[in-house]
There are 2 protein chains.
Amino acid sequence: MPRAQSDTKAEIRAVALDLFGQKGYEKTSLREIAERLEITKAALYYHFPSKGDLLRALIDPLRQDSEDLVRRFDGPVDDPRELLGAYFDLCVRHGTLMRALLNDLGSLTEAGLVELVMDWRSRLDAALVGENPGTPARMGAVVALGGIQDIAVVLPYGDAAAHREAAVEIALAALRAGTSGMD
Amino acid sequence: MPRAQSDTKAEIRAVALDLFGQKGYEKTSLREIAERLEITKAALYYHFPSKGDLLRALIDPLRQDSEDLVRRFDGPVDDPRELLGAYFDLCVRHGTLMRALLNDLGSLTEAGLVELVMDWRSRLDAALVGENPGTPARMGAVVALGGIQDIAVVLPYGDAAAHREAAVEIALAALRAGTSGMD
DNA sequence: GTCTATACGTCGATAGAC
DNA sequence: GTCTATCGACGTATAGAC
């Protein structure tokens with residue numbers, strides 16, 4: 001009896017996320033995924049036209065959420081705290097996926113995520129310090145956003161949200177050291 | 001006539017670094033490297049026992065330099081500026097290799113560099129804020145070191161060293177915001 | 001619409017001759 | 001030190017059963 005419409009597709013995604021997270025994208029073969037689902041490689045090929053498409057399907061929620069954030073802050077920002085806090089929240093919300101990606105950096109490149117993130121970051125930089133800031137000001141923005149991300153994704157292993165305010169304050173200090181220190 | 005003893009080995013390393021940097025480690029095949037040197041795949045295996053060993057040989061200078069830095073600051077530091085500056089210098093010194101690795105994040109995992117870097121970073125964190133700092137203090141250290149690295153590797157595309165002082169000041173601001181802000 | 005059987009070309013790696 | 005020949009596993013692809 002055939003399964004319900006999107007049932008197999010969902011099962012494939014679940015198993016793939018698990019295996020990619022454990023062994024990494026490149027080192028996980030389609031044969032392994034198929035064996036664990038007790039189907040064949042070719043059946044996978046019916047649901048996802050390639051291994052890369054399967055990976056991209058897993059990453060899509062993070063991608064869409066990030067695009068929303070960038071659109072929301074598409075211009076000069078009066079209170080950096082708002083942007084820094086929202087960026088923190090996003091990193092926490094997708095923390096599980098982001099930690100999995102950290103353990104498998106290769107898939108970032110494979111999924112074309114690196115270029116996307118670089119683009120988002122430069123647009124958020126611009127929202128924080130303008131389009132053509134002095135070099136130190138740009139440094140401050142780079143450190144502020146990168147720092148928020150490091151804290152939210154790497155540090156917590158539990159209650160990340162509890163340290164949201166402290167993280168924002170630290171990022172703000174770096175941002176100010178860049179914009180006011182010299183120019 | 002056979003080449004001089006280590007000549008072929010050096011040529012392999014040069015071609016491999018070039019191709020890995022252009023197309024990434026996983027997507028560069030040994031056949032390509034061999035063809036460009038006008039030898040066969042099997043000849044590569046005489047000089048390097050595996051593809052991974054070839055990659056590790058390329059990364060070794062960075063690894064050794066980093067280990068030296070960690071050993072040099074193995075304990076409490078009175079002037080964080082010194083550590084932050086030295087870390088900046090290291091990132092600039094190996095900037096070409098580090099940018100190549102950024103374009104090919106998969107090789108970081110492949111070479112086992114991720115665990116090594118996490119270990120170095122946590123030891124440098126300890127040198128900055130002690131073994132068991134409060135959470136905000138640890139955050140400050142994470143942002144300071146991560147920020148130095150981002151600035152030195154990603155920003156410059158040219159005169160990185162010119163901005164060394166500004167980078168150290170920004171990192172210092174984040175560090176202080178963590179240690180003094182609350183505890 | 002969902003899946004199996006089967007195959008193709010390439011990969012990293014090895015064995016053994018010269 | 002370099003070669004030819006070969007291996008099993010991989011991602012991909014198509015034909016056809018149900």
Side-chain angles (χ1 to χ4, degrees), chain A residues 1-59 101 104-113, chain B residues 1-60 104-113:
Chain A
M1 194 203 292
R3 293 180 169 98
Q5 262 203 342
S6 306
D7 199 19
T8 308
K9 220 177 198 106
E11 287 177 32
I12 292 173
R13 287 174 54 152
V15 169
L17 181 57
D18 185 34
L19 287 177
F20 288 170
Q22 275 178 38
K23 328 185 10 172
Y25 169 75
E26 301 273 7
K27 292 203 141 53
T28 300
S29 70
L30 297 180
R31 187 181 54 77
E32 286 177 286
I33 300 174
E35 270 176 6
R36 195 140 118 186
L37 289 164
E38 289 177 321
I39 59 177
T40 61
K41 262 201 311 178
L44 288 182
Y45 201 81
Y46 169 76
H47 294 282
F48 298 93
S50 79
K51 195 185 181 187
D53 282 271
L54 176 52
L55 173 64
R56 262 166 256 126
L58 295 177
I59 292 176
L101 291 172
D104 177 24
L105 296 171
S107 60
L108 290 177
T109 310
E110 192 65 31
L113 255 186
Chain B
M1 194 204 291
R3 294 178 167 97
Q5 263 204 342
S6 307
D7 198 19
T8 309
K9 221 177 197 103
E11 287 178 31
I12 292 173
R13 287 175 53 151
V15 169
L17 182 57
D18 186 34
L19 287 178
F20 288 171
Q22 276 179 38
K23 328 187 8 173
Y25 170 74
E26 301 273 8
K27 292 202 141 50
T28 300
S29 69
L30 296 180
R31 186 181 54 77
E32 287 177 285
I33 299 175
E35 269 175 7
R36 195 140 117 187
L37 289 163
E38 290 177 320
I39 59 177
T40 61
K41 260 199 317 176
L44 288 182
Y45 273 91
Y46 171 78
H47 295 281
F48 297 94
S50 78
K51 195 187 179 186
D53 282 271
L54 176 50
L55 174 64
R56 262 166 255 125
L58 295 177
I59 292 177
D60 222 48
D104 176 25
L105 296 172
S107 59
L108 289 177
T109 310
E110 193 65 30
L113 255 186

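Below, read A as the first sequence line, B as the second, and so on, with proteins coming before strands; counting in each chain starts at 1.
Map A/T28 and A/A42 each onto its nearest nucleotide of DNA chain D; the residue landing nearer the 5' end is A/T28.
If you check distances only, the side chain of A/K51 never reaches the base of D/dT12 with a donor-acceptor pair under 3.5 Å.
For B/T8, a side-chain nitrogen or oxygen approaches OP1 or OP2 of D/dT2 to under 4.0 Å. Between B/T40 and D/dC3 there is a side-chain polar atom (N or O) within less than 4.0 angstrom of OP1 or OP2. A sub-4.0 Å separation between OP1 or OP2 of C/dG12 and a side-chain N or O of B/R31 is absent. For C/dG1, neither phosphate oxygen OP1 nor OP2 lies less than 4.0 angstrom from any side-chain nitrogen or oxygen of A/H47.
Annotation: the span from A/D104 atom CG to B/L108 atom CG amounts to 11.5 Å, rounded to 0.5 Å.
B/I39 has its CD1 atom 12 Å from the P atom of D/dT4, to the nearest Å. The interatomic distance linking A/Y45 (OH) with C/dA5 (P) rounds to 19 Å, in whole Å. Protein atom CG of B/L54 is 14 Å distant from nucleotide atom C1' of C/dA13, rounded to whole Å. Between A/E26 atom CD and D/dT12 atom P the separation is 10 Å, expressed in whole Å. For A/L44 and D/dT12, the CG to P distance is 11 Å, given to the nearest whole Å. Rounding to whole angstrom units, CD of residue A/E110 and P of D/dG11 are separated by 11 Å. Put simply, CD1 on B/I12 is 11 Å from C1' on D/dT2, counting in whole angstrom units. Rounding to whole angstrom units, CD of residue A/E32 and P of D/dG8 are separated by 19 Å.
Backbone-only contact: B/S29 has heavy atoms under 4.0 Å from sugar-phosphate atoms and none from a base.
Atom CZ of B/R56 has more than 12 neighbouring heavy atoms from other residues, nucleotides or ligands inside a 6.0 Å radius.
A salt bridge links B/E35 and B/R31; the closest N-O separation between the charged side-chain nitrogens and carboxylate oxygens is under 4.0 Å.
A/E110 is not listed as a side-chain neighbour of B/E26, based on a closest heavy-atom distance of 4.5 Å or more. Side-chain contact between B/F20 and B/I33 is present, with heavy atoms from C-beta onward closer than 4.5 Å.
Proximity note for B/L30 (side chain, C-beta onward) versus C/dA13, D/dT14, D/dT4: the nearest is C/dA13.
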